[in-house]
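The structure appears below as structure tokens.
Because only heavy atoms are used, hydrogens play no part in the values below, and waters and symmetry mates are left out as well, while side chains stay in. In what follows, chains carry the letters A, B, and so on, assigned in the order in which the sequence lines appear, proteins first and then strands, with residues in each chain numbered from 1.
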Protein chains: 2
Amino acid sequence: MGRVSIKDIASKIGVSTATVSLVLNGKDKLGRVSEQLSKKIRETAKSMNYKPNGFAKALRSGRSETIGLVVADISNPFFAHLAFHIQEHADRYGYSVIITNTNESPKKMEKMVSILKYRQVDGFIIVPTENGSRCIEELHENKIPVVLLDRYFPEIPSDYVGVDNFHASMKATEHLLKLGCKKIALITYKTTLRHAQERRDGYVSALAGCDLYDSRLIKEVNHSTIVEDINRSVQELILGDNKIDGFFFTTNTISSIGLKKLKEMQINVPEDIKTVCFDKIESFDFSTIPFVQQPIPEMGKQAVDIVVDRIRNGNPSPVHIELKAELIV
Amino acid sequence: MGRVSIKDIASKIGVSTATVSLVLNGKDKLGRVSEQLSKKIRETAKSMNYKPNGFAKALRSGRSETIGLVVADISNPFFAHLAFHIQEHADRYGYSVIITNTNESPKKMEKMVSILKYRQVDGFIIVPTENGSRCIEELHENKIPVVLLDRYFPEIPSDYVGVDNFHASMKATEHLLKLGCKKIALITYKTTLRHAQERRDGYVSALAGCDLYDSRLIKEVNHSTIVEDINRSVQELILGDNKIDGFFFTTNTISSIGLKKLKEMQINVPEDIKTVCFDKIESFDFSTIPFVQQPIPEMGKQAVDIVVDRIRNGNPSPVHIELKAELIV
DNA sequence: AAATTTTGCTAAAACGATTAATTAATTTAT
DNA sequence: ATAAATTAATTAATCGTTTTAGCAAAATTT
């Protein structure tokens, strides 16, 4: 016995498929189907274990009830957690989520967006890569709902959900200052992405406030050579002339590699040097290291809320949501 | 300008949609379309930026070129990494992946499978939950390709990809023995899932071999109350009469919580007590703790290979693939 | 009683592709 | 020159649903 279609139900009861469809979509009031028949159809559908064919539905209606999620790397815990909450929340609206990875390559991002477009997703939630703005603009031009997440492009107005990177970084840096640090190094990505710059600006602003800013303490690392870059930077900073007494790592990946290097060099945290990280690292003894905690569940929820709203009600002026990130000590 | 359909191409050149479809699907030899026209159609399609409508295709052909992935929890790094590799590999076959979470609840697993069925996925890769065998059997009855991953049900024959849990655990336990441990505790899930039992059996077997097996050193924890359970177990074991000198944690989550508790109790690893974990914990100082490393990329690859093969070539006798897991010291 | 409105349902055309069956034109074989 | 085979395209049905327009019968209004 193959799949049960609307036609099977219709012919079993002896009505038209139109009537069945109307009833099963709750439009029986509008279509004026009698109470009795309505009930009978619903019961028959249930007893025959009818499941609507999503493709037929999507083809006819033009909506797939699917959201495309594009992240840098689903195996990164930050994005994995985001994905988890996005899915759980989307599920409540009846939306499924297709997750894809860019691996921080704009080329791959374009490819993934194209695949998702082919899959006719109703809307996108995207953590964009550097130089990925063209791709986003194209989606805008095609009037496809997009919510940017975690990162955004200041030059193009679009819906965005993220955290207040600037103030979070400032607070993080100030925490090190309060602990007495005078020479605080920053390790961050070499990127034009705004959220990274905001994190840097927060750090700079905190230090400039008390005349401790020194540009030589900022080290930029490349995504593609991250391990070597961080190892080298940490080594230089530690062994160099500046007597570094604090580190601010601007992402979980950077933190993880940086702390590993420190451990390797037999530098104890926080005894020998203080550190603060952006994002949590899953670690059994992380308890001693303060970190900036982004409200991941809320970020996911907001992104879903917005994209679903755009899908359903069209595109008024874009919103730019900046959530507060807490410093956990 | 809306989407370009096959009809648009056809009418632009002045041919039938059938011809266009034939050419665009590489069946022009079969359908005997002239070389010239063939070329012209391909060029026009490209210039008009034609993207086939997946739903129409899926509706007509009955295949969605989508794989449904059901994992316990995508925010768990082990599953996140699996998901990553599954996606990357599926992409090479032209398949998209829809990921869903069960949160270890068989009810939710059923719901997710049902959603994915409604989405007409061509095949499933499933990390099943305890008591989830009925759901898998139903898929078998409906002749929908399923590959079980990480866990399986011995009572139902189905495709499966996992690791040799028994020997991996045995090796892990033997490592502790080699380090001189005499009282090795096991912390594992209280579950009927076979893979967990295999891990326990490996541990038991290693200890029984040298007469060190003591059932009181095995502690089972519940998924829903995992933190309290582990904390209590660790505390009991450490403070109890048995002078525990080793721990074997059977999953990454258990390891993480267990190690955190040890740290809290000021027990140093590996000075005061030796430990070995199943799965890697993302941690900057994990370097000192030996762990069983599952070949995640290979597991993902195999699972995709099998499910795609089943989709394309039907269902011969199920395969049961057990990969070797390495002990990383 | 005729005209109008409401009620309850159906017919049929989409949506965008695929594909078996045909047709028409040309080439080859007899 | 006629029949057979090959080549090159088209027609039309189909997948399962949604939805607009329309039709008859019943109920209501005038």
For this session: Check every strand shown and say whether B:Ile6 touches a base, only sugar-phosphate, or nothing at a heavy-atom separation below 4.0 Å.
Result: sugar-phosphate
Exercise. For the pair made of CG in A:Asn53 and C1' in D:dT17, what is the distance, rounded to whole Å?
Worked result: 8 Å
For this session: Kindly point out which of C:dG8, D:dT10, C:dA11 is positioned nearest to the side chain of A:Ala18?
Result: C:dA11
Exercise. With respect to the phosphate group of C:dT18, does any side-chain polar atom (N or O) of B:Ser61 fall under 4.0 Å of OP1 or OP2?
Worked result: no
For this session: With heavy atoms under 4.0 Å as the rule, sort A:Ser34 into base, sugar-phosphate or nothing.
Result: sugar-phosphate
Exercise. Using a cut-off of 4.0 Å on non-hydrogen atoms, how would the nucleic acid contact of B:Thr19 be classed: base, sugar-phosphate, or nothing?
Worked result: base
For this session: Would you mind checking if A:Glu110 and A:Lys117 are paired as a salt bridge, meaning a charged N to carboxylate O distance below 4.0 Å?
Result: no
Problem set entry | Charged N-O contact under 4.0 Å between B:Arg151 and B:Glu104 | yes
Exercise. When the distance from CZ of A:Arg32 to P of D:dA21 is rounded to whole Å, what number comes out?
Worked result: 13 Å
Exercise. Out of C:dG16, D:dT17, C:dT18, which has the shortest distance to the side chain of B:Leu59?
Worked result: C:dG16
Exercise. Looking at D:dT17, C:dT7, C:dT10, which one has an atom nearest to any side-chain atom of A:Val15?
Worked result: C:dT10
For this session: Output yes when at least one side-chain N/O atom of A:Tyr118 is less than 4.0 Å from OP1 or OP2 of C:dA17, else no.
Result: no
Exercise. Parallel, tilted or perpendicular for A:His85 and A:His81, by the 30°/60° rule?
Worked result: parallel
Exercise. What's the CG-C1' distance between B:Asp8 and C:dG16, to the nearest Å?
Worked result: 10 Å
For this session: Check the angle between the aromatic planes of B:Tyr152 and B:His320 and answer parallel, tilted or perpendicular using the 30° and 60° thresholds.
Result: perpendicular
Exercise. D:dA9 C1' sits how many Å from B:Ile13 CD1, rounded?
Worked result: 13 Å
Problem set entry | NZ/NE/NH1/NH2 to OD/OE distance under 4.0 Å, A:Arg134 and A:Glu137 | yes
Exercise. So what does B:Ser16 hit on the nucleic acid, given a heavy-atom distance under 4.0 Å: a base, only sugar-phosphate, or nothing?
Worked result: base
For this session: Answer yes when A:Asp8 and A:Arg3 have at least one side-chain N-carboxylate O distance shorter than 4.0 Å, and no when they do not.
Result: no
Problem set entry | A:Gln36 CD to C:dC9 C1', straight-line distance once rounded to whole Å | 14 Å
Exercise. So, is B:Lys7 close to the C:dA17 phosphate, meaning a side-chain N or O under 4.0 Å from OP1 or OP2?
Worked result: no
Exercise. Rounded to whole angstroms, how far apart are NZ on B:Lys27 and P on D:dA9?
Worked result: 18 Å
Exercise. Can you tell which of D:dT17, C:dA17, C:dT19 lies closest to the side chain of B:Leu22?
Worked result: C:dT19
Exercise. Of all the nucleotides listed (C:dT18, C:dC9, C:dC15), which has the minimum atom distance to the side chain of A:Leu37?
Worked result: C:dC9
Seminar exercise, completed: Whole-Å distance, A:Leu24 CG to D:dT18 P, equals 8 Å
Problem set entry | Nearest to side-chain heavy atoms of A:Val33, which nucleotide of D:dG16, D:dT11, C:dC9 | C:dC9
Exercise. What is the distance from CD of A:Gln120 to P of C:dG16, rounded to the nearest Å?
Worked result: 9 Å
